[in-house]
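What follows is a set of notes on a single structure, which appears directly below.
Below, chain A is the first sequence line, B the second, and so on; all start at residue 1.
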Amino acid sequence: MKFKEVGIHPPVLDGVDAMGFENTTPIQEKAIPIILEKKDLIACAQTGTGKTAAFLLPTMQQIHDQADHGNIDALVVVPTRELAIQIDQQIQGLGYFVDISSVAVYGGGDGVSWEVQKKALLKGANIVIATPGRMIAHLNQEYVDLSKVKHFILDEADRMLDMGFYDDLKKIMKFIPKDCQRLMFSATMPPKIRTLAKEILNEPEEVSIAISKPSENILQGAFMIHDGQKSALIHHIFSAKKMDSVIVFLSRKSEVDKIAREISKLGVNAAPIHSGLEQSKRESVLQDFINKKINVLVATDVMSRGIDIKGIDMVINYNVPGDAADYVHRIGRTGRADANGVAFTFVNEEDMYNFSNIETLIGKEIQKIRLPEHIGEGPVYNPKQRSFKPRGGSSGGSKGKRRPPKK
DNA sequence: AAAAAAC
């Protein structure tokens with residue numbers, strides 16, 4: 001469908017044209033008319049499906065049509081700082097022909113960034129995109145007026161709950177007027193999310209787009225491999241072919257640093273990114289990766305959700321994410337829009353159980369690839385292998401050993 | 001099981 005047909009008109013439509021979007025994605029086709037009707041909405045969709053534009057376009061259009069400036073009209077809450085920045089940038093692009101201001105409100109910056117945010121909040125930026133902690137910090141200073149907010153959007157709702165943002169979320173929502181339109185986006189729809197939706201939404205419409213299915217454009221493969229063989233395989237992969245843009249995911253920050261150094265030693269332009277770095281470093285690394293000045297981004301799951309970068313050739317899971325849904329998010333960084341992508345996953349003995357859960361979630365077997373001969377034999381795939389090693393002794397284990405607390 | 005997020 002065309003954006004015109006779902007109710008988007010100039011000047012918002014001009015921004016859509018300028019960005020080169022021609023047809024709506026399924027989530028946009030379903031969600032935009034509902035949002036324009038000012039209804040509450042719960043939508044099940046991953047990023048890469050055009051989700052952000054699905055809520056930004058109708059929200060910007062409503063703000064423009066009410067022509068009521070000088071207030072904070074919309075509040076978008078997201079789980080990570082980089083996502084806040086990215087959505088802010090998308091507003092700059094999509095809203096180029098609309099007189100709408102926006103500000104990304106997130107922590108980690110210097111005193112200047114606090115002041116910039118404070119100023120924009122005081123002035124009443126039309127759309128505020130915030131991470132929870134920093135939003136609350138500003139609200140505590142009592143100069144932010146959210147009483148005119150007409151659109152509240154909760155993005156990556158499942159991740160927000162995973163990260164323990166429930167209380168923060170409720171705190172923020174206390175400042176939002178009752179009659180405000182509320183939209184909730186989530187990649188998955190577990191009972192916890194349903195409960196939250198019941199709690200914060202008012203007779204919501206529901207839209208669901210084929211979930212937890214990675215794009216067909218992504219060629220997925222897995223290597224059964226011992227930890228000691230992983231370096232050799234990384235070496236093999238990066239020497240086989242020159243790649244412009246690769247993300248290597250690991251679960252631990254310390255491992256991310258280590259592997260980034262290791263890959264750099266191969267003569268590849270690699271850099272780590274995780275929450276342990278200074279925010280300015282995070283932003284410059286990400287920018288360099290977007291500009292292809294850095295070719296390999298070694299990352300924790302801070303990068304696994306929402307981040308939309310064009311032209312990523314390959315995703316490597318150096319380990320298997322513990323949560324199967326995270327696998328779908330990680331590999332979803334490649335194969336975006338109509339591009340093709342490759343996703344390799346390294347599976348060691350302890351990862352096998354989690355890996356089989358991933359295959360169950362996505363409903364298909366991921367092709368097992370033989371290790372190159374010079375690396376040797378990896379472990380044999382055993383889907384029942386649990387992700388923890390049974391510790392010596394009986395199954396009841398440590399409980400019996402625990403001493404009663406003194407006092 | 002770790003990660004993320006406020007000074």
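Protein atom CZ of A:Phe249 is 19 Å distant from nucleotide atom P of B:dA2, rounded to whole Å. Atom pair A:Tyr327:OH and B:dA3:P shows a separation of 22 Å (rounding to whole Å applied). Put simply, CG on A:Asp351 is 13 Å from P on B:dA1, counting in whole angstrom units. Protein atom NE2 of A:His329 is 16 Å distant from nucleotide atom C1' of B:dA2, rounded to whole Å. We find that CZ of A:Phe165 is positioned 11 Å from C1' of B:dA3, with the value rounded to whole Å. Computed from coordinates, the A:Leu250 CG to B:dA1 C1' distance equals 14 Å when rounded to whole Å. We find that CE of A:Met163 is positioned 13 Å from C1' of B:dA6, with the value rounded to whole Å. Between the NZ atom of A:Lys253 and the C1' atom of B:dA1 there is a distance of 13 Å, rounded to whole Å.
For residues 352-366 of chain A, the salt bridge (charged side-chain N to carboxylate O under 4.0 Å, His left out) pairs, not counting sequence neighbours, are A:Glu359-A:Lys368.
Here the two rings, on A:Phe185 and A:Phe55, have centers that are under 6.0 Å apart. A ring-centre distance under 6.0 Å is not found for A:Tyr327 and A:Phe355.
Listed for the A:Ser304 side chain is no donor-acceptor partner under 3.5 Å among the backbone atoms of A:Arg330.
Across all strands shown, A:Arg81 has heavy atoms under 4.0 Å from sugar-phosphate atoms exclusively, and none from any base. Residue A:Asp323 is in base contact, counting any heavy-atom pair closer than 4.0 Å across all strands shown. Within 4.0 Å (heavy atoms only), A:Gly108 reaches sugar-phosphate atoms of the nucleic acid but no base atom. Among the heavy atoms of the strands lying under 4.0 Å from A:Gly322 is at least one base atom, whether or not backbone atoms are also near.
Both A:Asp162 and A:Lys171 lie near DNA chain B, and the one whose nearest nucleotide falls closer to the 5' end is A:Asp162.
Between A:Arg159 and B:dA2 there is no side-chain polar atom (N or O) within less than 4.0 angstrom of OP1 or OP2. Within the structure, a side-chain polar atom (N or O) of A:Thr300 is placed less than 4.0 Å from OP1 or OP2 of B:dA4. In this structure, A:Thr80 does not reach the B:dA5 phosphate: none of its side-chain N or O atoms is under 4.0 Å from OP1 or OP2.
Within the 4.5 Å cutoff, the side chain of A:Glu156 has heavy atoms near those of the A:Lys51 side chain.
Among B:dA4, B:dA3, B:dA5, the nucleotide with an atom closest to any side-chain atom of A:Arg252 is B:dA3.
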